[in-house]
Amino acid sequence: MSKTKPLSLLFISGPNLQLLGRREPEVYGHDTLDDLYARAKARAAERGAALEARQTNHEGTIVDWIGEAPGTFDGILINPGAYTHTSIAIHDAIAGVALPTIEVHLSNVHAREAFRRHSAVAPACLGVIMGLRGDGYVLAVDAMLNHLERHAKR
Ligand code: CA2
């Protein structure tokens, strides 16, 4: 009987998300990024999956991490922060790897400034979760694992 390899997810948070919990709690909630990643990892573990959590303030690093993900990870969860609204490089990196990707935002970007309403990244993604504060980080894990389990090669 063959043993199936546990699913493995990469969660990337982009610029300034290391500030979570310390400023603007009315917009982003009181949890720190470590809190959110602990919840996301716990949910993945409950479902028998692994989750690697990373944060960077650098666009090129995000592009590198996405490009290196195939072979190690089965799916990508990403909060690209402000790069969401500008980064064709992150869009192209996601489009260039054959890995399902979910875009996640803590805030409802449509209820904020007009410049946040456009996502350069979303067209390359499977879906977007937004406006649910830290719960979105956990919901994204469930949504990705549901998707991967549904599309598992048998
Ligand atoms: O709602 C989200 O998750 C965002 O991706 C957060 C980005 C913002 O530029 C996007 O439009 C929406 C900003 C992340 C900065 O996070 C901070 C947290 C605490 C204090 C200051 C910034």
Side-chain angles (χ1 to χ4, degrees), residues 7-47 49-70 72-148:
L7 291 169
S8 180
L9 309 181
L10 174 62
F11 207 137
I12 299 172
S13 290
N16 297 313
L17 285 156
Q18 81 283 2
L19 298 172
L20 278 180
R22 276 175 256 155
R23 283 184 233 154
E24 298 190 55
E26 66 290 353
V27 181
Y28 299 116
H30 287 91
D31 290 335
T32 65
L33 187 59
D34 281 349
D35 294 334
L36 298 187
Y37 274 159
R39 288 176 61 193
K41 279 185 185 182
R43 184 64 188 137
E46 274 169 22
R47 292 189 57 166
L51 185 146
E52 185 163 319
R54 301 182 188 170
Q55 189 274 331
T56 177
N57 291 325
H58 303 281
E59 184 178 17
T61 302
I62 295 175
V63 170
D64 288 344
W65 286 346
I66 294 167
E68 291 160 6
T72 304
F73 299 102
D74 301 292
I76 299 172
L77 312 170
I78 183 167
N79 182 348
Y83 291 137
T84 303
H85 315 297
T86 60
S87 183
I88 295 165
I90 294 174
H91 169 282
D92 289 352
I94 294 168
V97 293
L99 287 182
T101 300
I102 295 177
E103 182 181 311
V104 187
H105 297 288
L106 299 162
S107 64
N108 175 357
V109 294
H110 295 291
R112 301 182 65 193
E113 303 95 325
F115 65 81
R116 295 188 203 275
R117 284 183 207 142
H118 169 74
S119 171
V121 174
C125 293
L126 183 63
V128 181
I129 294 172
M130 70 166 74
L132 303 171
R133 303 263 182 104
D135 287 349
Y137 271 51
V138 179
L139 292 167
V141 169
D142 273 324
M144 180 58 75
L145 292 175
N146 291 348
H147 172 82
L148 291 170

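As the structure lists them, so they are numbered: ligands from 1, and atoms in each ligand from 1. All values below come from the heavy atoms of this structure, side chains included, with hydrogens, waters and symmetry mates left out.
Checking Leu77, Val104, Asn146 one by one against Val141, the side-chain contact (heavy atoms from CB on, under 4.5 Å) holds for a single residue, Leu77. The only option from Ile94, Ile102, Leu99 that meets the side-chain contact (heavy atoms from CB on, under 4.5 Å) definition with Ile76 turns out to be Leu99.
Asp142 has a carboxylate O that lies under 4.0 Å from a charged side-chain N of Arg47, or vice versa, which qualifies the two as a salt bridge.
The closest donor-acceptor contact from the side chain of Asn79 to the backbone of His105 lies at 3.5 Å or more, if one exists at all. With hydrogens and angles ignored, the 3.5 Å screen pairs no side-chain donor or acceptor of Arg117 with any backbone N or O of Ala111.
Using a heavy-atom distance under 4.0 Å as the criterion, the protein contacts of ligand 1 are Pro15, Asn16, Leu17, Leu19, Leu20, Arg23, Glu24, Tyr28, Asn79, Gly81, Ala82, His85, His105, Leu106, Ser107, Val109, Arg116.
Ile88 CD1: 12 or fewer foreign heavy atoms inside a 6.0 Å radius.
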